[in-house]
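Just so it is clear: chains get the letters A, B, ... in the order the sequence lines come, proteins before strands, and each one is counted from 1.
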There are 2 protein chains.
Amino acid sequence: MSPKASPDLALRRLSVVLAAREIAESDGWPAVTMRRLAGALGATQPVLYTVFAGRQDVVDAVALSGFEELAVALEAVEVVPMERMQAYLRFATAHPRLYEAMFSMPSGLPFASDGTPGELRRAFAALREAFPDKDGTRAEVAWSALHGLATLQHGGRLRADLAQARLELTHAMLTRAEGL
Amino acid sequence: MSPKASPDLALRRLSVVLAAREIAESDGWPAVTMRRLAGALGATQPVLYTVFAGRQDVVDAVALSGFEELAVALEAVEVVPMERMQAYLRFATAHPRLYEAMFSMPSGLPFASDGTPGELRRAFAALREAFPDKDGTRAEVAWSALHGLATLQHGGRLRADLAQARLELTHAMLTRAEGL
DNA sequence: TTTCGTTGCCTAACGTCGTTATATATCAAC
DNA sequence: GTTGATATATAACGACGTTAGGCAACGAAA
């Protein structure tokens with residue numbers, strides 16, 4: 001039934017994702033080419049297509065792993081607004097390219113639908129835990145504010161010396177807005 | 001001095017920017033290739049390089065034109081937080097690809113430095129007008145919140161039925177946070 | 001132990017991209 | 001009309017994502 005030693009596909013997937021993350025984090029996403037990925041794995045390009053449909057699929061897999069990591073990072077701190085906010089921003093600044101794949105790049109991942117992956121739900125749930133309300137509006141607003149801070153800050157669009165002030169003001173806003 | 005009828009370079013630049021915007025808005029940024037741009041202008045690729053250093057330069061020019069338009073859109077409404085917030089979000093949803101070029105794509109534009117273009121300053125000034133404070137922290141937070149809402153919403157990452165609730169909550173937060 | 005069928009991988013290629021070198025055509029100046 | 005400069009077009013280069021086709025390796029059947 002198995003003519004040739006069938007390789008561990010799960011392991012191969014993981015290797016590709018890890019290599020993609022490393023290359024992206026060091027040289028940027030445009031440097032993550034199928035040829036370079038194959039080279040980093042000591043294989044040839046067609047091998048990549050045995051576990052991924054294409055380059056976009058690789059990026060999506062990296063993004064998904066990022067959402068899992070973000071969820072872990074958020075759950076690791078206390079269920080307190082400021083703690084979770086700092087954990088979120090810490091994650092974004094520690095892995096800028098990963099964060100880029102998760103939010104700023106074209107993605108084939110389903111988000112608001114029923115097929116939304118569990119990793120995504122977990123990450124949002126960790127935020128909602130810290131910003132509870134009836135329908136989740138407050139958590140979505142908190143998330144938006146954090147995402148805006150993270151991206152504009154990383155893009156150099158905000159004054160670096162005001163980073164702490166922005167965080168504190170955002171925190172004050174989000175917590176005082178408890179009663180609607 | 002002028003051996004051949006020297007073409008209007010400014011006009012050509014404008015034509016390229018307009019064509020790039022149209023193609024991007026209809027078929028997405030990956031469809032904005034130098035070949036297609038040249039075709040839309042009835043010229044050949046090398047002509048584009050007489051007015052733009054490369055593709056990135058074209059994208060940057062489109063982004064810059066977007067900042068100018070954003071500034072105009074913001075200045076067109078009253079200096080009231082809710083008005084300017086709605087104007088901002090209206091702009092982002094009306095020209096999603098343009099907004100993408102301005103914020104979500106790799107850019108060679110200088111932002112926080114002294115060389116920041118006037119179009120950018122104008123857009124931010126219009127926001128600061130509506131969210132005044134001593135050092136501009138509040139305007140930066142407002143901008144971040146709006147940017148987060150715009151991008152996450154456009155990416156389908158937020159519940160569509162809560163859009164109005166998110167806007168109102170964000171507005172309430174930003175306005176009540178007047179005293180620090 | 002030999003043969004066969006299946007499966008995994010590599011080489012090579014296709015079409016498209018951004019970008020550039022070379023050549024040709026066009027017009028002002030004399 | 002000749003000359004010289006310049007604007008444009010043709011053609012190419014290298015790299016990309018992706019795929020087709022051939023070769024080699026291995027388990028099962030004989």
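- Checked by atom type and distance alone, the side chain of B:D60 pairs as donor or acceptor with a backbone atom of B:G108 at under 3.5 Å.
- Applying a 4.0 Å cut-off to non-hydrogen atoms, none of the residues of residues 12-30 of chain A approaches DNA chain D.
- Remark: A:F131 pairs with no residue by the ring pair (Phe, Tyr, Trp, His ring centres under 6.0 Å) rule, at least two apart or across chains.
- Using a distance-only test at 3.5 Å, with no hydrogens or angles considered, a donor-acceptor pair links the side chain of B:R84 to the main chain of B:L74.
- Looking at B:R166, its side chain does come within 3.5 Å of a backbone N or O of B:R159 through a donor-acceptor pair.
- The CG-C1' distance, from B:L9 to D:dT8, rounds to 13 Å in whole Å.
- For the salt bridge (charged side-chain N to carboxylate O under 4.0 Å, His left out) test with A:R122, the passing option among A:E69, A:E129, A:E75 is A:E75; the others fail.
- Screening residues 37-51 of chain A for side chain to side chain donor-acceptor pair (under 3.5 Å) gives A:R12-A:T50 as the qualifying pairs, with residues at least two apart or on separate chains.
- Of the residues in residues 33-51 of chain B, B:T33, B:M34, B:R35, B:Q45, B:P46, B:Y49 come within less than 4.0 Å of DNA chain C through at least one heavy atom, sorted by number.
- Relative orientation of the A:F103 and A:F67 rings is perpendicular, given thresholds of 30° and 60° on the angle between their planes.
- A heavy atom closer than 4.0 Å to some atom of DNA chain C occurs in no member of residues 53-60 of chain A.
- With sequence neighbours left out, the side chain to side chain contact (heavy atoms under 4.5 Å, CB included) criterion links A:V80 to A:E78, A:E83.
- At least one donor-acceptor pair under 3.5 Å links the side chain of B:W29 to the backbone N or O of B:R97.
- With hydrogens and angles ignored, the 3.5 Å screen pairs a side-chain donor or acceptor of A:D133 with a backbone N or O of A:R138.
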